[in-house]
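The sequence lines fix the lettering, A, B, ..., with proteins before strands; numbering per chain opens at 1. Treat the numbers as computed from the prediction; the structure is a model and nothing was measured.
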There are 2 protein chains.
Amino acid sequence: MAATPRQIAEEELGSSAQRDRRRRIIDATIALASKGGFEAVQMRAVAERADVALGTLYRYFPSKIHLLVSGLGAQLERALDRMRRAPIPGDTRGDRMLYVLSRITRGMQRDPHLTEAMTRAFMFADTSAAAEVDLVARQIEELFTLALGKEEPSEEDKAVARVIGDVWLSNLVAWVTRRASATDVTNRLELTVRLLMRD
Amino acid sequence: MAATPRQIAEEELGSSAQRDRRRRIIDATIALASKGGFEAVQMRAVAERADVALGTLYRYFPSKIHLLVSGLGAQLERALDRMRRAPIPGDTRGDRMLYVLSRITRGMQRDPHLTEAMTRAFMFADTSAAAEVDLVARQIEELFTLALGKEEPSEEDKAVARVIGDVWLSNLVAWVTRRASATDVTNRLELTVRLLMRD
DNA sequence: CACGTAACTGAAACACGTTCTATTATCGGC
DNA sequence: GCCGATAATAGAACGTGTTTCAGTTACGTG
């Protein structure tokens with residue numbers, strides 16, 4: 001009788017060897033993406049670099065998109081941790097938001113290929129990766145909600161954070177395809193913040 | 001001596017036979033996308049349906065992404081034409097914007113597969129399709145600038161239009177991956193308009 | 001009308017994401 | 001320590017986007 005062994009469960013990886021494999025896979029993905037962007041993240045190359053068989057790679061991540069979006073999730077989680085730890089400088093909501101925006105934007109400019117790979121994966125994802133994508137979307141929301149620097153964000157605060165997240169994503173896509181320069185992105189984000197927060 | 005015959009020039013298609021081929025290709029693309037979304041737009045299928053050889057298809061559109069984004073551009077151009085013709089109802093900027101938003105949103109809901117195919121192609125495009133993508137981006141900007149219903153949009157008007165376009169795109173992506181329902185999208189867009197236009 | 005060039009065709013070939021198969025290693029429970 | 005089940009491995013195989021190429025056709029020009 002063929003059971004249904006498909007799909008590895010959540011983050012519930014039993015043995016430490018499995019946790020380690022997973023980490024190696026994500027590391028390999030990020031290294032390859034960082035060097036050559038989306039197209040350089042080839043499943044055979046990831047498997048080889050992570051020292052797992054191709055089939056194993058697919059058991060951990062059912063597609064290239066899952067893989068890259070999961071990597072993005074991992075990176076964002078780290079960014080969020082840093083963000084949660086240190087208080088955000090700035091006197092007004094707007095100042096704090098601009099601070100966070102410029103920090104993140106600089107971060108992504110530091111590794112254009114990685115940014116390109118992850119952004120495109122995130123945007124291209126289909127419904128099969130909706131869970132992973134949704135996680136990232138919530139992380140982005142939290143990031144910009146934190147940026148407001150309030151203990152208890154109001155509904156309006158959350159809405160503002162979401163709009164800024166949306167604008168940020170659009171600009172990220174434009175930057176990644178070189179339709180917008182870093183300066184363009186910065187200007188548009190500042191303008192957006194000004195429009196949304198008149199305090 | 002091998003010349004460099006690569007790449008078909010802009011819209012400068014000489015003969016009417018060529019214009020016709022191009023139209024057949026776009027039509028085939030839209031028909032296939034409409035029926036089965038991004039994955040159903042297979043280059044061999046498009047070629048067959050448009051009654052051209054695969055090589056010819058690639059001569060007109062250098063990739064599947066170019067093809068779909070060009071199709072999106074064509075559709076948007078039609079939408080813009082309609083929009084330019086009839087005046088937009090509504091007393092305030094916000095009302096007119098909401099009118100346009102709901103019209104477009106309904107339009108996309110009417111053909112989910114087509115929307116999915118085009119949205120994902122637009123978002124996934126790399127630098128090689130930057131020209132086509134940029135055209136679409138400008139069309140979207142114009143659409144929402146028109147929606148403000150002013151003869152001479154101010155700089156702020158344009159900025160607002162761009163922000164709304166960005167939010168709309170993000171929500172489109174979320175809807176396409178079924179992370180957001182149509183109602184979610186509508187609500188978020190209304191909220192955004194409210195935040196941006198307090199008149 | 002004949003010619004030369006560029007466009008089109010049909011088919012094969014290639015690349016990379018994904019799936020499948022046969023085999024071997026590992027792990028949890030006895 | 002042994003057994004059955006689950007996971008991992010190596011490698012082949014498949015599908016679809018993309019490229020290439022040899023032969024054919026259509027078109028503008030002398």
Notebook entry, point to check: Among the nucleotides D:dA8, D:dT18, C:dT18, which one has an atom lying closest to any side-chain atom of A:S63?
Noted result: C:dT18
Notebook entry, point to check: Roughly how far apart are A:Q75 CD and A:M108 CE, rounded to 0.5 Å?
Noted result: 7.5 Å
Next item on the list: Could you tell me the separation between the CD atom of A:Q42 and the C1' atom of C:dT18, rounded to a whole number of Å?
Entry: 14 Å
Next item on the list: Ignoring the backbone of B:L54, work out which of C:dA12, C:dT18, D:dG17 is nearest its side chain.
Entry: C:dA12
Item checked: For atom NZ of B:K64 and atom P of D:dT18, their distance in whole Å -> 8 Å
Next item on the list: Would you mind telling me which residue lines up with the more 5' stretch of DNA chain D, A:D51 or A:R44, judged by nearest nucleotide?
Entry: A:D51
Check: Which whole-number value in Å describes the distance from B:L57 CG to C:dG10 P?
Finding: 13 Å
Notebook entry, point to check: Counting N and O atoms only, with roles assigned by atom type, does the side chain of A:D184 sit under 3.5 Å from a partner on the main chain of A:S181, one being a donor and the other an acceptor?
Noted result: yes
Check: Considering only C:dT9, D:dA10, C:dT18, which nucleotide approaches the side chain of B:V52 most closely?
Finding: C:dT9
Notebook entry, point to check: Can you tell which of C:dT18, C:dA7, D:dT18 lies closest to the side chain of B:Y58?
Noted result: D:dT18
Check: Between B:I65 (CD1) and D:dT18 (P), how many Å, whole number?
Finding: 8 Å
Checklist line | Spacing of A:E39 atom CD relative to D:dG17 atom C1', expressed in whole Å | finding: 14 Å
Checklist line | Whichever of A:G55 and A:M43 has its nearest DNA chain C nucleotide further upstream toward 5' | finding: A:M43
Next item on the list: Looking only at side-chain atoms of B:T56, point me to the closest of C:dT18, C:dT9, D:dT18.
Entry: C:dT9
Notebook entry, point to check: When the distance from CZ of A:R21 to P of D:dT6 is rounded to whole Å, what number comes out?
Noted result: 17 Å
Note to self: What's the separation between atom CG in A:L101 and atom CZ in A:R103, rounded to the nearest 0.5 Å?
What the structure shows: 12.0 Å
Check: What is the distance from atom CD of B:E39 to atom CG of A:D126, rounded to the nearest 0.5 Å?
Finding: 8.5 Å
Margin query: In this structure, how many angstroms lie between the C1' atom of C:dC16 and the CZ atom of A:F124, rounded?
Written below: 14 Å
Note to self: Can you confirm if the NZ or CZ of A:K64 lies within 45° of the ring axis of A:F124 and under 6.0 Å from the centre of its six-membered ring?
What the structure shows: no
Notebook entry, point to check: Hey, is the side chain of B:Y60 poking within less than 4.0 Å of OP1 or OP2 on C:dA7, counting only N and O atoms?
Noted result: no
Note to self: Using whole Å, what does the distance between atom P of nucleotide D:dT16 and atom CG of B:L68 come to?
What the structure shows: 16 Å
Next item on the list: Assign A:V41 to base, sugar-phosphate, or nothing according to its heavy-atom contacts below 4.0 angstrom with the strands shown.
Entry: sugar-phosphate
